Every structure is written in C-alpha cells, then in structure tokens.
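Per chain, numbering begins at 1; letters A, B, ... match sequence-line order. These figures come from a predicted structure and were not determined experimentally.
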Number of protein chains: 2
Amino acid sequence: MKDFRHQNRLYYSPVEFAMNYIGGTWKMPILVALREGPVRYGDLKKSISHITDKMLITQLRDLEEKNMVTRKAYAEKPPRVDYALTERAKQALSVIDALHAYGAFLMKEEEITL
Amino acid sequence: MKDFRHQNRLYYSPVEFAMNYIGGTWKMPILVALREGPVRYGDLKKSISHITDKMLITQLRDLEEKNMVTRKAYAEKPPRVDYALTERAKQALSVIDALHAYGAFLMKEEEITL
DNA sequence: CAGGATCCACGCTGATACTG
DNA sequence: CAGTATCAGCGTGGATCCTG
C-alpha cells in the first residue's frame with residue numbers, strides 16, 4: 001500500500017486513516033452512545049462512564065470537525081444542545097460492532113469474566 | 001459496559017481490549033502481511049514499508065506474547081526464522097478488512113487520491 | 001536477525017476555576 | 001445546563017542511532 005498525506009499528516013494505510021476518525025479512548029464510546037439518535041450533552045456524559053467534561057468536549061469538537069457528528073443548540077432555557085451522527089459516522093457502527101465482537105472473543109479466550 | 005482489568009490494566013470496553021492486540025501503527029500491517037501463510041523475517045520487513053528492524057522485532061515479540069503469531073526458527077545455514085498467524089489472529093483479519101474498507105470509504109469522501 | 005540507548009511527541013488525565 | 005480555560009504531568013508508542 002502506498003502512503004499518502006492528508007492535512008499535512010502522513011498515513012501508511014487506510015486503516016490508519018480510519019483510526020483517526022474513530023480511534024482513541026473515547027470516540028467509539030461516543031459514537032455508540034449516539035447510535036439510536038440525537039443525545040443531549042448531559043445524557044451523553046451520563047451514559048459514558050469515566051469520561052470527563054474536558055475529554056467529552058474535546059472529542060465532540062474533534063468529531064464535529066471531522067464531520068462525524070452534528071451539534072444542534074436550541075434557544076431554550078435551560079439551554080439544550082444535542083449531538084447526532086452523520087451518515088459517514090453511521091457507517092462506522094458496523095466496524096465498531098466487529099471490533100467489539102472480536103474483543104469479546106479475545107476476552108473469552110483469555111478467560112476474562114466481568 | 002462495565003469496565004474490567006487484565007494484567008493489571010484497566011479497560012473500559014471490549015473494543016479497547018481488542019485494540020491492545022491489533023492496535024498501534026504496526027500490528028495490523030504485520031498481521032495482514034502474514035495472511036497468506038508463514039513469512040520469513042526478511043520478507044516481512046521488505047513487504048512492510050517504513051518499518052524499522054526495531055519496531056518489527058518489538059511488535060513481533062509483543063504479538064507472540066499475545067498469542068497472535070508463532071515464531072519458528074530452523075537450524076539451517078543461513079539461519080531461517082519465520083512467523084505465522086495463530087487462529088485467534090486469523091479471526092482478526094475480517095475486522096481489519098472492515099477497518100480498511102471504512103478507511104477507504106472515508107478517503108474517497110475526503111477526496112484523497114493516491 | 002536481534003537488540004540496547006536515547007529521546008520526543010502525543011493522547012490522556014487531573015485539578016481548579018469560571019460563565020451565560 | 002452546557003460548556004470554557006489553563007497548567008501540569010505521565011505513560012507509551014514510535015523514531016533514530018548504534019551494536020553484534
């Protein structure tokens with residue numbers, strides 16, 4: 001596979017490129033949390049354990065910039081903001097599911113019990 | 001998803017666990033390079049562009065320890081060593097393919113041309 | 001073919017404080 | 001409620017250079 005550049009970063013393969021969109025500790029949990037439809041910031045935070053405001057915000061901003069989520073703010077009080085998946089992000093869900101299944105398979109092999 | 005520990009490391013999800021086995025810059029390229037069967041060290045290095053001896057060795061050791069590859073040394077001269085995928089690693093290939101496809105999809109959307 | 005010695009950047013974390 | 005701002009620290013992956 002030939003390597004390529006994007007926004008001045010070098011990638012060795014499409015896999016590496018994909019990981020830029022869904023990799024890291026928090027992006028997949030966020031995408032999964034949004035799978036059923038738009039979710040408010042507060043609910044998002046509640047549904048993703050261990051995440052801090054800081055990480056949630058930075059990851060949401062990053063995902064927005066990558067066109068993986070859309071942000072909608074409503075002029076209400078109290079203020080309401082929700083996030084939703086874009087089409088390209090929805091296509092990532094099956095990949096995440098596959099990764100999840102493979103992880104579960106490995107855990108079983110390693111005899112990890114929850 | 002409840003979190004869990006393995007070898008004294010904390011994981012938040014099976015996905016994170018899976019990434020420990022196939023994540024990082026080099027593990028997937030290595031696994032893919034071994035997909036058709038055992039490959040010798042030298043050929044492995046030739047087929048994976050940009051990789052250094054250091055990284056190749058470290059990652060192979062790590063994969064061995066995780067039971068993802070097996071190492072076989074032959075008492076010949078010149079010495080010969082080859083590496084092969086284990087069953088659990090073969091099961092990762094479809095996941096890697098899915099990731100690859102998703103990456104290619106994103107690249108197309110971003111209009112990246114090789 | 002295998003590795004030691006450095007070194008650095010990056011991703012993530014933690015603490016704390018503040019805002020319309 | 002839904003963030004913003006900032007400073008510090010840490011572990012790890014990876015790069016570079018060198019050796020046998």
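Summarising the local packing, CD of A:E111 is surrounded by 12 or fewer heavy atoms from other residues, nucleotides or ligands at distances under 6.0 Å.
Not one N or O on the side chain of B:E110 forms a donor-acceptor pair closer than 3.5 Å with the backbone of B:L106. Of the possible donor and acceptor atoms, one in the side chain of B:E16 sits under 3.5 Å from a partner among the backbone N and O of B:Y12. Between the side chain of A:R88 and the main chain of A:K66, a donor-acceptor pair closer than 3.5 Å is present. Looking at A:T86, its side chain does come within 3.5 Å of a backbone N or O of A:N67 through a donor-acceptor pair.
Rounding to the nearest 0.5 Å gives a distance of 7.5 Å between CD1 of B:I96 and CZ of B:R35.
The interatomic distance linking A:D62 (CG) with C:dC10 (P) rounds to 14 Å, in whole Å. Rounding to whole angstrom units, CZ of residue A:R9 and C1' of C:dC10 are separated by 10 Å.
Using bins of under 30°, 30° to 60° and over 60° for the plane-to-plane angle, the ring pair A:F4/A:Y11 lands in the parallel bin. Classification of the A:Y83-A:Y41 ring pair by plane angle, with boundaries at 30° and 60°, yields tilted.
Nucleotides of DNA chain D lying under 4.0 Å from heavy atoms of chain A occupy a range whose first and last members, 5' to 3', are D:dC1 to D:dA15.
Classification of A:K46 and A:D43 as a salt-bridged pair holds, one side-chain N sitting under 4.0 Å from a carboxylate O.
Looking at heavy atoms from C-beta onward, B:D82 lies out of side-chain contact with B:V39 at the 4.5 angstrom threshold.
Sorted by residue number, the members of residues 20-39 of chain A with any non-hydrogen atom under 4.0 Å from DNA chain C read A:G24, A:T25, A:W26.
Here A:E76 lies out of heavy-atom contact (under 4.0 Å) with every strand.
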Can you check nucleotides 1-7 of chain C for protein contacts, nitrogen or oxygen pairs under 3.5 Å, and list what you find?
{"residue": "C:dC1", "atom": "OP2", "partner": "B:Y41", "partner atom": "N", "Å": "3.3"}
{"residue": "C:dC1", "atom": "OP2", "partner": "B:G42", "partner atom": "N", "Å": "2.2"}
{"residue": "C:dA2", "atom": "OP1", "partner": "B:R71", "partner atom": "NE", "Å": "3.2"}
{"residue": "C:dA2", "atom": "OP1", "partner": "B:R71", "partner atom": "NH2", "Å": "2.1"}
{"residue": "C:dA2", "atom": "OP2", "partner": "B:Y83", "partner atom": "OH", "Å": "3.2"}
{"residue": "C:dG3", "atom": "OP2", "partner": "B:R61", "partner atom": "NE", "Å": "2.9"}
{"residue": "C:dG3", "atom": "OP2", "partner": "B:R61", "partner atom": "NH2", "Å": "3.0"}
{"residue": "C:dA5", "atom": "N6", "partner": "B:K54", "partner atom": "NZ", "Å": "2.5"}

